[in-house]
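Just below is one structure, and these are the notes that go with it.
All ligand and atom numbering here is 1-based and tracks the order in the structure.
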Amino acid sequence: MVTRAPYYTERHEAVRAAVIAFAEAEIAPHAHAWDEAEDFPRDLYGKAARAGVLGAGFPEAYGGRGGDIFDKIIVKEELARVGSGGVRASLMSHGIGLPPILKLGSAAMKDRVAPAVLAGEKISCLAITEPSGGSDVANLRTTARLDGDAYVVNGEKTLITSGFRADYYTVAVRTGGPGKDGLSLLLVERGAPGFTQTRLKKMGWWASDTATLRFEDCRVPAANLIGEENAGFTGIVLNFNEERLGNTAIMLGAAKACLEVTIEHARTREVFGKVLMANQVVRHKIADMAMRVQATESRLDTVAWQFERGEGPVAEIALLKNLAAETYEHCASEAVQLHGGAGIVRGGRAERLFRESKILSIGGGATEIMKDLAARQMDL
Ligand SMILES: Cc1cc2nc3c(=O)[nH]c(=O)nc-3n(C[C@H](O)[C@H](O)[C@H](O)COP(=O)(O)OP(=O)(O)OC[C@H]3O[C@@H](n4cnc5c(N)ncnc54)[C@H](O)[C@@H]3O)c2cc1C
């Protein structure tokens, strides 16, 4: 059954069914243990590739499964709803690492990198944020100076998802003067001399690997430049639109999970001799959660459609990301509240969803920055 027509077709629903089956079988049973271990097995990438999860929405020419932005939305939403935030974050880090290579990279680079990543043999990630700040991308400080046939990279990146165990790093560097016109994108590979990584511990998404990267006179072949020198900012910005639509799908999926676990709990938990759901105030809380979820879902589908048609809905995406963050934070808070003390105990779904609910109002562009961006786009 196609539930979100006209945007989703029977084919999309088959993708959705496959992703749900994968998440239920391969992630959900292990979500808590992997969070506690702050890790998940590397062979999950291969399993995800074979289930069509990694390749959804990526070109078949490079081993993807084809499709459009809705395929990518389905994967993110369902992995967040059924699976685990942390596993999804690292498992899908190629979702932000690979598009700049596919859009701007040389044919040789695409052929070498994309099929291995989409087959789950190699891990790709995106490294933009620096310790000096992630919001002000145009002023990032990591430098890359051309020296013969290599760039010499110096600087630091932080909060990089899959940063510890990735094989391919799509890194934003300064090759020119100050500001956005001096930025380029460079493919840095695991094992490059002068390149080291340190793991970070986080409030949520424990199973995902997040790292600080350090480049000390790190030599990277000049052929690893992604696109034109000093034209990296456009690539970064184009990537942001898709990333933020994806962030919205993730937060929508997580908000749906909050709603589902709350309904289940309210139907079964007895207090004062009756189930929680028998109280009007509880039903109203749940109706309020559903209202926010429905509004976010509906807006996501519309804006994704505008994106797919090439309308470049920058302001719409920025505001949508903020709407999704509010929806998720509200639903996660209510889920824990209605679970009572059980919602506080480590290992329950409501508890995990709550501690993950702050991440994406910061990651991928913080709420304040999204408002500023939208306001500029709207000529306010
Ligand atoms: C779990 C996690 C995973 C991440 N993964 C990646 C990744 O894979 N790759 C990557 O490159 N980055 C990643 N990030 C980084 C993320 O994109 C940044 O955290 C984000 O862009 C914000 O940058 P910052 O943390 O340096 O905050 P800052 O830029 O220091 O901003 C701090 C706060 O100040 C606010 N602020 C800043 N300027 C203004 C202003 N002018 N007016 C009003 N308010 C302002 C911001 O909105 C924010 O709330 C990740 C972050 C997290 C938490």
Item to complete: Determine whether the side chains of T262 and K285 contain a donor N or O and an acceptor N or O closer than 3.5 Å.
Response: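 On atom types as modelled, these side chains do not qualify, holding no pair under 3.5 Å.
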
Contacting atoms of ligand 1, where contact means under 4.0 angstrom from a heavy atom of [X]:
X	answer
G133	26 (O)
I160	7 (C), 8 (O), 9 (N), 10 (C), 11 (O)
I128	10 (C), 11 (O)
I359	1 (C)

Worksheet item: Would you say the side chain of M251 lies within less than 4.5 Å of the side chain of K321, judging by non-hydrogen atoms?
Response: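 The answer is yes, as the side chains (C-beta and beyond) meet within the 4.5 Å cut-off.
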
Fill in: F215 and K157, any side-chain heavy atoms less than 4.5 Å apart
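Side-chain contact under 4.5 Å: yes.
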
Item to complete: Can you sort out the partners of Y8 under ring pair (Phe, Tyr, Trp, His ring centres under 6.0 Å), two or more places apart, ordered by chain and number?
Response: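 With neighbours one apart ignored, the set is H12, F70.
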
Worksheet item: Should L126 be listed as contacting ligand 1, given a heavy-atom distance under 4.0 Å as the test?
Response: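 Flag set, L126 near ligand 1.
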
Worksheet item: Can you tell me if C125 has a non-hydrogen atom under 4.0 Å from ligand 1?
Response: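 Checking ligand 1 against C125, which is what was asked, there is no heavy-atom contact under 4.0 Å.
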
Worksheet item: Is NZ or CZ of R355 both nearer than 6.0 Å to the six-membered ring centre of W206 and within 45° of the ring axis?
Response: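 Flagged: R355 positioned over aromatic ring of W206.
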
Worksheet item: With a cut-off of under 6.0 Å to the ring centre and 45° to the axis, is K358 in cation-pi contact with Y328?
Response: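 Checked: cation-pi criterion not met.
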
Worksheet item: atom 7 (C) of ligand 1: which of I362, I369, L159 has the nearest heavy atom?
Response: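 Closest candidate by heavy-atom distance is L159.
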
Item to complete: From atom 27 (O) of ligand 1, work out which of S90, S135, S93 has a heavy atom at the shortest distance.
Response: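 The option holding the nearest heavy atom is S135.
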
